[in-house]
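Worksheet: one structure, shown below.
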Amino acid sequence: MPGRVEGKVAFITGAGRGQGRSHALRLAQEGADIIAIDICHDVEGALPMATAEDLAETAKMVEALDRRIVTHQADVRDLDALKAAVDDGVEQLGRLDIVLASAGVAMMGGRADKMKLNSWTATVDINLTGVWNTARAAIPHLIAGGRGGSIVLTSSVGGERAMPGMSHYVSAKHGVIGVMRSLAVELGEHNIRVNSVLPTNVNTPMFMNEGLFKMYRPDLENPGPDDIKPIASMMHVLPIGWVEPVDVSNAILFLVCDESRYVTGIELPVDAGALLK
Ligand SMILES: NC(=O)c1ccc[n+]([C@@H]2O[C@H](COP(=O)([O-])OP(=O)(O)OC[C@H]3O[C@@H](n4cnc5c(N)ncnc54)[C@H](O)[C@@H]3O)[C@@H](O)[C@H]2O)c1
(Lines give C-alpha, C1' and ligand atoms only; values in the text may rest on other atoms or scores of the structure.)
Protein backbone atom coordinates (compact mmCIF):
# COMPACT_ATOMS: atom_id res chain seq x y z
CA MET A 1 0.00 0.00 0.00
CA PRO A 2 1.47 3.41 -0.92
CA GLY A 3 2.38 5.73 1.93
CA ARG A 4 0.44 8.89 2.71
CA VAL A 5 3.21 11.09 1.26
CA GLU A 6 4.64 8.60 -1.24
CA GLY A 7 7.06 10.15 -3.75
CA LYS A 8 6.99 13.58 -2.13
CA VAL A 9 9.98 15.57 -0.88
CA ALA A 10 9.98 17.38 2.46
CA PHE A 11 12.32 20.16 3.60
CA ILE A 12 12.70 20.08 7.40
CA THR A 13 14.60 22.49 9.67
CA GLY A 14 15.93 21.46 13.08
CA ALA A 15 16.11 17.86 11.86
CA GLY A 16 19.24 16.93 13.83
CA ARG A 17 17.19 15.70 16.78
CA GLY A 18 13.92 16.14 18.67
CA GLN A 19 10.75 16.87 16.77
CA GLY A 20 12.51 17.68 13.48
CA ARG A 21 14.13 14.23 13.41
CA SER A 22 10.85 12.60 14.36
CA HIS A 23 9.07 14.40 11.49
CA ALA A 24 11.77 13.24 9.06
CA LEU A 25 11.34 9.63 10.15
CA ARG A 26 7.53 9.69 10.21
CA LEU A 27 7.34 11.21 6.72
CA ALA A 28 10.00 8.80 5.43
CA GLN A 29 7.95 5.89 6.80
CA GLU A 30 5.09 7.22 4.67
CA GLY A 31 7.19 7.41 1.50
CA ALA A 32 8.79 10.88 1.45
CA ASP A 33 12.39 11.80 0.70
CA ILE A 34 13.91 14.42 2.98
CA ILE A 35 15.98 17.60 2.78
CA ALA A 36 17.20 18.11 6.36
CA ILE A 37 19.04 21.03 7.88
CA ASP A 38 20.25 21.87 11.36
CA ILE A 39 22.57 24.51 12.82
CA CYS A 40 24.91 21.88 14.34
CA HIS A 41 26.67 24.36 16.59
CA ASP A 42 25.74 26.06 19.82
CA VAL A 43 24.04 29.44 20.17
CA GLU A 44 25.26 31.69 22.99
CA GLY A 45 22.79 31.71 25.87
CA ALA A 46 20.83 28.67 24.66
CA LEU A 47 20.97 25.00 25.63
CA PRO A 48 23.34 22.85 23.55
CA MET A 49 22.08 22.43 19.99
CA ALA A 50 22.15 19.29 17.85
CA THR A 51 25.59 18.27 16.55
CA ALA A 52 26.83 17.25 13.11
CA GLU A 53 26.79 13.65 14.42
CA ASP A 54 23.12 14.03 15.37
CA LEU A 55 22.26 15.20 11.85
CA ALA A 56 24.27 12.32 10.36
CA GLU A 57 22.31 9.94 12.62
CA THR A 58 19.02 11.35 11.31
CA ALA A 59 20.30 10.67 7.79
CA LYS A 60 21.19 7.07 8.70
CA MET A 61 17.76 6.51 10.21
CA VAL A 62 15.96 7.86 7.12
CA GLU A 63 18.15 5.75 4.81
CA ALA A 64 17.35 2.69 6.92
CA LEU A 65 13.74 3.29 5.85
CA ASP A 66 14.86 3.10 2.21
CA ARG A 67 14.28 6.77 1.58
CA ARG A 68 16.73 9.35 0.28
CA ILE A 69 17.95 12.29 2.36
CA VAL A 70 20.11 15.34 1.64
CA THR A 71 21.54 17.08 4.72
CA HIS A 72 23.12 20.48 5.18
CA GLN A 73 24.36 22.43 8.16
CA ALA A 74 22.58 25.77 8.03
CA ASP A 75 21.36 28.41 10.45
CA VAL A 76 17.74 29.48 9.86
CA ARG A 77 18.88 33.07 10.45
CA ASP A 78 20.95 32.81 7.26
CA LEU A 79 18.60 33.03 4.26
CA ASP A 80 21.38 32.44 1.72
CA ALA A 81 22.47 29.24 3.50
CA LEU A 82 18.87 28.02 3.58
CA LYS A 83 18.41 28.78 -0.10
CA ALA A 84 21.62 26.93 -0.97
CA ALA A 85 20.47 23.91 1.08
CA VAL A 86 17.00 23.75 -0.49
CA ASP A 87 18.33 24.40 -4.01
CA ASP A 88 20.79 21.54 -3.62
CA GLY A 89 18.17 19.24 -2.10
CA VAL A 90 15.71 19.91 -4.92
CA GLU A 91 18.43 19.36 -7.51
CA GLN A 92 19.29 16.00 -5.98
CA LEU A 93 15.79 14.79 -5.14
CA GLY A 94 13.94 16.34 -8.06
CA ARG A 95 11.08 18.24 -6.42
CA LEU A 96 9.69 19.90 -3.30
CA ASP A 97 6.23 19.38 -1.81
CA ILE A 98 6.40 19.83 1.96
CA VAL A 99 8.10 22.38 4.23
CA LEU A 100 8.36 21.94 8.01
CA ALA A 101 9.80 24.82 10.05
CA SER A 102 10.64 23.04 13.29
CA ALA A 103 13.99 24.62 14.29
CA GLY A 104 13.74 26.69 17.45
CA VAL A 105 15.40 27.64 20.70
CA ALA A 106 14.37 28.29 24.30
CA MET A 107 16.70 30.93 25.73
CA MET A 108 17.09 32.21 29.29
CA GLY A 109 13.96 34.17 30.21
CA GLY A 110 12.92 36.52 32.97
CA ARG A 111 10.59 39.46 33.44
CA ALA A 112 10.82 41.76 30.40
CA ASP A 113 12.72 44.54 32.19
CA LYS A 114 15.28 42.01 33.41
CA MET A 115 15.63 39.87 30.29
CA LYS A 116 18.97 40.01 28.48
CA LEU A 117 18.66 41.78 25.14
CA ASN A 118 20.55 38.91 23.51
CA SER A 119 17.88 36.45 24.70
CA TRP A 120 15.16 38.55 23.08
CA THR A 121 17.07 39.14 19.84
CA ALA A 122 18.28 35.58 19.29
CA THR A 123 14.86 34.10 20.12
CA VAL A 124 13.01 36.39 17.72
CA ASP A 125 15.68 35.93 15.04
CA ILE A 126 15.58 32.13 15.21
CA ASN A 127 11.98 31.35 16.23
CA LEU A 128 10.26 33.98 14.09
CA THR A 129 12.53 35.36 11.35
CA GLY A 130 14.04 31.87 10.94
CA VAL A 131 10.58 30.45 10.22
CA TRP A 132 9.88 33.22 7.70
CA ASN A 133 13.28 32.59 6.07
CA THR A 134 12.53 28.87 5.82
CA ALA A 135 9.35 29.59 3.91
CA ARG A 136 11.07 32.20 1.73
CA ALA A 137 13.79 29.76 0.69
CA ALA A 138 11.23 27.11 -0.24
CA ILE A 139 8.31 29.02 -1.81
CA PRO A 140 9.89 29.48 -5.29
CA HIS A 141 10.41 25.69 -5.55
CA LEU A 142 6.86 24.91 -4.46
CA ILE A 143 5.42 27.35 -6.99
CA ALA A 144 7.76 26.20 -9.78
CA GLY A 145 6.69 22.57 -9.16
CA GLY A 146 3.12 23.51 -10.06
CA ARG A 147 1.72 20.71 -7.89
CA GLY A 148 0.73 22.79 -4.86
CA GLY A 149 2.26 21.95 -1.51
CA SER A 150 1.95 22.08 2.25
CA ILE A 151 3.89 24.19 4.73
CA VAL A 152 3.65 23.58 8.48
CA LEU A 153 5.13 26.08 10.90
CA THR A 154 5.79 24.92 14.46
CA SER A 155 4.43 27.39 16.99
CA SER A 156 3.56 26.38 20.57
CA VAL A 157 0.76 26.72 23.10
CA GLY A 158 2.84 29.84 23.81
CA GLY A 159 1.65 31.02 20.38
CA GLU A 160 -1.81 31.56 21.83
CA ARG A 161 -1.29 32.43 25.44
CA ALA A 162 1.09 34.16 27.82
CA MET A 163 3.79 32.43 29.87
CA PRO A 164 5.46 34.47 32.59
CA GLY A 165 9.13 35.22 32.03
CA MET A 166 8.91 34.10 28.41
CA SER A 167 7.98 37.27 26.51
CA HIS A 168 10.68 36.55 23.91
CA TYR A 169 9.46 33.02 23.16
CA VAL A 170 5.76 33.86 23.43
CA SER A 171 6.10 36.89 21.14
CA ALA A 172 8.01 34.88 18.53
CA LYS A 173 5.51 32.01 18.66
CA HIS A 174 2.54 34.41 18.35
CA GLY A 175 4.42 35.88 15.39
CA VAL A 176 4.64 32.45 13.77
CA ILE A 177 0.83 32.36 13.70
CA GLY A 178 0.93 35.72 11.88
CA VAL A 179 3.40 34.37 9.33
CA MET A 180 1.25 31.26 8.88
CA ARG A 181 -1.95 33.24 8.26
CA SER A 182 -0.21 35.67 5.88
CA LEU A 183 1.39 32.91 3.82
CA ALA A 184 -1.85 30.91 3.71
CA VAL A 185 -3.53 33.90 2.05
CA GLU A 186 -0.59 34.67 -0.25
CA LEU A 187 -0.04 31.10 -1.46
CA GLY A 188 -3.58 29.74 -1.67
CA GLU A 189 -3.89 30.54 -5.38
CA HIS A 190 -1.00 28.15 -6.01
CA ASN A 191 -2.77 25.41 -4.07
CA ILE A 192 -0.11 25.69 -1.36
CA ARG A 193 -1.58 25.20 2.10
CA VAL A 194 0.00 26.73 5.19
CA ASN A 195 -0.83 25.62 8.73
CA SER A 196 0.63 25.62 12.19
CA VAL A 197 1.03 23.09 15.01
CA LEU A 198 0.93 24.19 18.64
CA PRO A 199 2.60 21.59 20.85
CA THR A 200 2.52 21.57 24.61
CA ASN A 201 5.60 20.17 26.46
CA VAL A 202 7.35 17.65 24.21
CA ASN A 203 9.76 14.93 25.29
CA THR A 204 12.83 16.44 23.62
CA PRO A 205 15.99 18.11 25.00
CA MET A 206 14.26 21.51 24.89
CA PHE A 207 11.90 20.34 27.63
CA MET A 208 13.74 17.39 29.21
CA ASN A 209 16.76 19.13 30.70
CA GLU A 210 18.25 19.73 34.09
CA GLY A 211 17.54 23.46 34.11
CA LEU A 212 13.85 22.90 33.54
CA PHE A 213 13.65 20.10 36.11
CA LYS A 214 15.16 22.45 38.68
CA MET A 215 12.77 25.26 37.70
CA TYR A 216 9.80 22.92 38.31
CA ARG A 217 11.26 21.41 41.50
CA PRO A 218 13.59 23.90 43.25
CA ASP A 219 12.93 21.95 46.46
CA LEU A 220 14.85 18.86 45.17
CA GLU A 221 18.60 18.49 44.76
CA ASN A 222 18.54 16.28 41.65
CA PRO A 223 15.04 16.35 40.18
CA GLY A 224 14.24 14.18 37.17
CA PRO A 225 11.29 13.56 34.82
CA ASP A 226 9.26 11.62 37.40
CA ASP A 227 9.56 14.51 39.86
CA ILE A 228 8.13 17.08 37.46
CA LYS A 229 5.35 14.92 35.99
CA PRO A 230 2.66 15.83 38.56
CA ILE A 231 3.33 19.55 38.11
CA ALA A 232 3.63 19.39 34.33
CA SER A 233 0.33 17.46 34.24
CA MET A 234 -1.50 20.31 35.94
CA MET A 235 -1.44 22.37 32.75
CA HIS A 236 -3.29 19.67 30.80
CA VAL A 237 -6.83 18.30 30.63
CA LEU A 238 -5.54 14.83 29.82
CA PRO A 239 -3.52 13.20 32.61
CA ILE A 240 -0.05 13.51 31.09
CA GLY A 241 2.96 15.78 31.65
CA TRP A 242 4.16 15.93 28.05
CA VAL A 243 3.58 14.49 24.60
CA GLU A 244 6.06 12.48 22.52
CA PRO A 245 7.66 13.91 19.35
CA VAL A 246 5.75 11.39 17.23
CA ASP A 247 2.45 12.86 18.47
CA VAL A 248 3.41 16.13 16.81
CA SER A 249 4.73 14.27 13.74
CA ASN A 250 1.38 12.50 13.33
CA ALA A 251 -0.50 15.82 13.43
CA ILE A 252 1.93 17.18 10.84
CA LEU A 253 1.53 14.08 8.68
CA PHE A 254 -2.21 14.80 8.51
CA LEU A 255 -1.53 18.43 7.55
CA VAL A 256 0.87 17.53 4.74
CA CYS A 257 -1.03 14.66 3.13
CA ASP A 258 -4.10 14.81 0.90
CA GLU A 259 -6.47 13.93 3.76
CA SER A 260 -6.30 17.63 4.70
CA ARG A 261 -6.38 18.91 1.11
CA TYR A 262 -8.75 21.80 1.90
CA VAL A 263 -7.33 22.68 5.32
CA THR A 264 -5.32 25.88 5.34
CA GLY A 265 -4.65 28.67 7.81
CA ILE A 266 -5.33 26.66 10.96
CA GLU A 267 -3.63 26.34 14.33
CA LEU A 268 -3.66 22.68 15.33
CA PRO A 269 -2.92 22.21 19.04
CA VAL A 270 -1.18 19.00 20.12
CA ASP A 271 -1.58 20.01 23.70
CA ALA A 272 -3.49 17.46 25.80
CA GLY A 273 -6.06 20.21 26.29
CA ALA A 274 -3.66 22.84 27.66
CA LEU A 275 -5.34 25.66 25.74
CA LEU A 276 -8.69 24.85 27.40
CA LYS A 277 -7.34 25.72 30.84
N1 LIG B 1 9.98 20.72 23.41
C2 LIG B 1 8.93 21.42 23.76
O3 LIG B 1 8.43 21.30 24.89
C4 LIG B 1 8.25 22.32 22.77
C5 LIG B 1 6.94 22.78 23.04
C6 LIG B 1 6.31 23.60 22.12
C7 LIG B 1 6.96 23.97 20.95
N8 LIG B 1 8.23 23.54 20.72
C9 LIG B 1 8.87 23.95 19.47
O10 LIG B 1 9.12 22.80 18.70
C11 LIG B 1 10.23 23.02 17.82
C12 LIG B 1 11.20 21.86 17.90
O13 LIG B 1 11.79 21.83 19.19
P14 LIG B 1 12.24 20.45 19.85
O15 LIG B 1 11.26 20.14 20.91
O16 LIG B 1 12.48 19.45 18.79
O17 LIG B 1 13.60 20.90 20.56
P18 LIG B 1 15.12 20.46 20.31
O19 LIG B 1 15.92 21.43 21.06
O20 LIG B 1 15.28 19.01 20.57
O21 LIG B 1 15.31 20.67 18.73
C22 LIG B 1 15.46 21.92 18.14
C23 LIG B 1 16.37 21.73 16.94
O24 LIG B 1 16.50 22.98 16.26
C25 LIG B 1 17.87 23.18 15.95
N26 LIG B 1 18.12 24.63 15.83
C27 LIG B 1 18.08 25.55 16.80
N28 LIG B 1 18.41 26.76 16.35
C29 LIG B 1 18.64 26.61 15.01
C30 LIG B 1 19.01 27.51 13.98
N31 LIG B 1 19.24 28.80 14.23
N32 LIG B 1 19.15 27.03 12.72
C33 LIG B 1 18.95 25.70 12.46
N34 LIG B 1 18.62 24.81 13.41
C35 LIG B 1 18.46 25.25 14.68
C36 LIG B 1 18.62 22.52 17.11
O37 LIG B 1 19.97 22.26 16.82
C38 LIG B 1 17.78 21.30 17.35
O39 LIG B 1 18.18 20.21 16.54
C40 LIG B 1 10.81 24.37 18.25
O41 LIG B 1 10.35 25.36 17.34
C42 LIG B 1 10.22 24.60 19.62
O43 LIG B 1 10.13 25.95 19.95
C44 LIG B 1 8.89 22.72 21.60
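As the structure lists them, so they are numbered: ligands from 1, and atoms in each ligand from 1.
Checking side-chain atoms of N201 against main-chain N and O of G241 turns up a donor-acceptor pair under 3.5 Å.
Residue-environment remark: CZ (R261) stays at or below the threshold of 12 foreign heavy atoms within 6.0 Å. For W132, the CH2 atom counts as loosely surrounded, since its 6.0 Å shell holds 12 or fewer non-hydrogen atoms of other residues, nucleotides or ligands.
Between G104 and N127 the shortest heavy-atom distance is CA-OD1, 3.2 Å. Scanning all heavy atoms of the two residues, the minimum distance from H236 to A272 falls at CB-O, 3.5 Å.
Not counting sequence neighbours, F213 has no partner by the ring pair (Phe, Tyr, Trp, His ring centres under 6.0 Å) test.
Listed by chain and residue number, the protein contacts of ligand 1 are G14, R17, G18, Q19, D38, I39, M49, A50, A74, D75, V76, S102, A103, G104, V105, I126, T154, S155, S156, Y169, K173, P199, T200, N201, V202, T204, P205, M206, F207 (heavy atom within 4.0 angstrom).
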